[in-house]
There are 2 protein chains.
Amino acid sequence: MAKDTVRATTPARTTRRERKGLQQEAAVKAAFELAQRDGAAGLTMRRLGEELKVDATTLYRLFRDKDELLLAVYDHATAVELEEIGEVPDSEHWQDTLRRIADRIWATAVRSPAIAALTFARTTGGPAERRMVELILETFARSGLSREATVRYYRAFADATLGLAGQVAVLATLDSEIQAKDAASWTRIYAHLPDGEYPTARAHITELTSIDRRTIYDLVVEAVLAAAERESAESA
Amino acid sequence: MAKDTVRATTPARTTRRERKGLQQEAAVKAAFELAQRDGAAGLTMRRLGEELKVDATTLYRLFRDKDELLLAVYDHATAVELEEIGEVPDSEHWQDTLRRIADRIWATAVRSPAIAALTFARTTGGPAERRMVELILETFARSGLSREATVRYYRAFADATLGLAGQVAVLATLDSEIQAKDAASWTRIYAHLPDGEYPTARAHITELTSIDRRTIYDLVVEAVLAAAERESAESA
DNA sequence: ACCTGAACACCGTTCAAGT
DNA sequence: ACCTGAACACCGTTCAAGT
């Protein structure tokens, strides 16, 4: 519990900047846990202040506004991802590396939907994001793609994974009542409509109700990897 | 200007249900325009009430809550998309139909970012959404895929396009200051770092700064279509 | 039958005042 | 030098009261 680190209880031999850094770290950690526990709606400046036993307005000396705090929290989540991905063995095929990365991005969205939902479309500008960019670029570059194509596929991979993971995250932050409604939408809508109205949807009702989001995520990831592979084979 | 339709100024020969339907329609249209004009943050119940010259709380007889209103607005946007897509000629290749659909989904996100950002991860349950589902399913089914694969690719296509379009939409709803920061992030971050730190990112800096989001969108769409084509060729 | 408006329980953020 | 707390300008939503 480093809760009180936001207060000036640090020893005298730290510079102002170091102290501020530590306070930010403590606030980010607390915000992360708060969002985890109480969801996106629970992460407010007042509640975070309470958690840190500090007046909410004090947080504005640590972060310019709530947005900046959110981005810092998201970068923290990315740092965790990177740690889980760990070292990339030299022998690992570039596609397998990307599959592992995609898997961790998904895991973050499932574990921390509140944070992911709030920031999936954003650039954090933080150190973890930079390392992640470097890793994905490096990996596509290994495939033998041109510089231009490497960047194109890096972006396709990053945006598609974050976009799809963002959807699950947003959904997970909604009321469980709405989630249930969303999950049952196929049967709810099509099971009780006149026969002629949506013939194709009705003909596929079994398949529509049984497919899961992770399958779709993997399908899109594989489609992007396959396209990259084909393009690198062509240029070789 | 059908502004006052929310008030009970309709002739006596309409049932209560018809009247409510008209009022809902007028509210949805006004909400759509309000979001267009003032952005996501501008679409509040009070402001919508003002626009319709009705007390904000009156809207709660038309929609259970703000979420329900939002979904109705999103369904309205989907209806516009469908109109723009128009009839699908029998001669059109299934991939070209899907390209046109993807293009209109993108257009909605660019034109109505506030609405798209608020609802891209959601199911509206409305009539336009049902017709859209029917159209996309129908089109994939034309490719000769199995029932199971048709549904798989329908979802991959729909989720990927909405996810990516959702990202541009969310970005477009942010302060223009933040948008500029986001757009310039590559040069801002990597141009001023020590040489050894992110070698791959630095080596790709020109390409990273020049790529645009629409190129990435099209790349992902094409990757999904190519995967569908290969799978349908295999099963044939 | 329909609509209003006061009220509740919140938000993010600013800034003068305290220690 | 640092932190507080009152205050501002908002939210979505409920419900008793009006016409």
Side-chain angles (χ1 to χ4, degrees), chain A residues 3-24 26-27 31 34-35 38-73 114 118 173-175 177-178, chain B residues 3-24 26-27 31 34-35 38-73 114 118 173-175 177-178:
Chain A
K3 270 189 183 176
D4 291 351
T5 319
V6 167
R7 279 255 193 66
T9 54
T10 34
R13 281 306 79 192
T14 49
T15 68
R16 225 170 310 169
R17 277 194 57 182
E18 284 168 349
R19 216 150 48 220
K20 193 177 172 187
L22 285 173
Q23 290 171 352
Q24 282 171 332
L34 184 57
D38 296 350
L43 178 49
T44 73
M45 299 304 261
R46 280 176 175 83
R47 293 254 275 254
L48 181 57
E50 259 172 58
E51 208 73 17
L52 292 159
K53 299 191 191 306
V54 159
D55 193 281
T57 62
T58 303
L59 296 166
Y60 285 81
R61 216 171 347 305
L62 263 27
F63 304 96
R64 193 158 53 82
D65 51 24
K66 197 187 174 184
D67 191 67
E68 199 175 286
L69 166 69
L70 246 29
L71 292 181
V73 175
L118 256 21
T173 61
L174 302 172
D175 292 354
E177 189 196 339
I178 293 182
Chain B
K3 271 190 182 175
D4 292 352
T5 321
V6 167
R7 279 255 195 64
T9 54
T10 34
R13 281 305 78 195
T14 50
T15 67
R16 223 170 314 167
R17 273 194 59 178
E18 284 167 347
R19 215 151 48 220
K20 193 177 171 186
L22 286 174
Q23 291 172 350
Q24 283 171 330
L34 184 58
D38 296 350
L43 179 49
T44 73
M45 299 304 260
R46 280 177 177 84
R47 293 255 274 254
L48 182 58
E50 261 170 59
E51 209 74 14
L52 293 160
K53 298 191 191 305
V54 159
D55 193 281
T57 64
T58 303
L59 297 165
Y60 285 81
R61 217 177 339 306
L62 262 29
F63 304 96
R64 194 157 52 80
D65 51 23
K66 197 187 173 184
D67 191 67
E68 199 175 286
L69 165 69
L70 247 29
L71 292 180
V73 175
L118 256 20
T173 59
L174 301 173
D175 292 353
E177 189 197 340
I178 292 181

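Labels below follow one simple rule: chain letters A, B, ... track the order of the sequence lines, proteins then strands, and each chain is numbered from 1.
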Visitor: Is the shortest side-chain heavy-atom distance between Thr173(B) and Leu118(B) below 4.5 Å?
Guide: no
Visitor: Which listed nucleotide (dC2(D), dT4(C), dC11(D)) is nearest to the side chain of Arg19(A)?
Guide: dC2(D)
Visitor: Using the side-chain heavy atoms of Asp65(A), tell me which of these nucleotides is nearest: dC3(D), dT13(C), dT13(D).
Guide: dT13(C)
Visitor: Find the distance Asp38(A):CG to dC11(C):C1' and express it as a whole number of Å.
Guide: 16 Å
Visitor: OP1, OP2 of dC2(C) versus side-chain N and O of Thr58(B): anything below 4.0 Å?
Guide: no
Visitor: Does dC10(C) have a Watson-Crick or wobble mate here (both distances under 3.5 Å), and if so which one?
Guide: none
Visitor: Could you please name the partner base of dG5(C), counting Watson-Crick and G-U wobble pairs only when both distances are under 3.5 Å?
Guide: dC15(D)
Visitor: Classify the side chain of Thr57(A) versus the base of dG5(D) as yes if they form a donor-acceptor pair under 3.5 Å and no if they do not.
Guide: yes
Visitor: Report the C-alpha distance between Glu51(B) and Arg47(B) in whole Å, list the side-chain angles of each, state the deciding distance to 0.1 Å, and finish with yes or no for side-chain contact (heavy atoms from CB on, under 4.5 Å).
Guide: CA-CA 6 Å; Glu51(B) 209 74 14; Arg47(B) 293 255 274 254; 5.8 Å; no
Visitor: Could you tell me the separation between the CE atom of Met45(B) and the C1' atom of dG5(C), rounded to a whole number of Å?
Guide: 16 Å
Visitor: Can you check the Asp67(B) CG to dC11(D) P distance for me, whole Å?
Guide: 18 Å
Visitor: Where the side chain of Asp65(A) meets the backbone of Glu68(A), is there a donor-acceptor pair that is under 3.5 Å apart?
Guide: yes
Visitor: Is the closest side-chain heavy-atom distance between Leu59(B) and Leu48(B) below 4.5 Å?
Guide: yes
Visitor: Measure from NZ on Lys53(B) to P on dC3(C) and round the result to the nearest Å.
Guide: 16 Å
Visitor: To the nearest Å, how far apart are Arg64(B) CZ and dG12(D) C1'?
Guide: 14 Å
Visitor: Where the side chain of Arg46(B) is concerned, which of dT4(D), dT14(D), dA7(C) is the nearest nucleotide?
Guide: dA7(C)
Visitor: Let me know the distance between OH of Tyr60(A) and P of dC11(C), rounded to the nearest Å.
Guide: 11 Å
Visitor: From the list dC3(D), dG12(D), dG12(C), which nucleotide is the closest neighbour of the side chain of Thr44(B)?
Guide: dG12(D)
Visitor: Round to the nearest Å and state the distance from Glu68(A) atom CD to dT13(C) atom P.
Guide: 11 Å
Visitor: Could you check which of dA7(D), dT4(C), dC2(D) has an atom nearest any side-chain atom of Arg61(A)?
Guide: dC2(D)
Visitor: Calculate, to the nearest 0.5 Å, the distance between atoms NZ and CG belonging to Lys66(B) and Leu71(B) respectively.
Guide: 12.0 Å
Visitor: Could you please name the option among dT4(C), dG12(D), dG12(C) that lies closest to any side-chain atom of Val54(B)?
Guide: dT4(C)
Visitor: Please report, rounded to the nearest Å, how far the C1' atom of dC3(D) is from the CG atom of Leu59(A).
Guide: 11 Å
Visitor: Nearest of dG5(D), dG5(C), dG12(C) to any side-chain atom of Asp55(B)?
Guide: dG5(C)
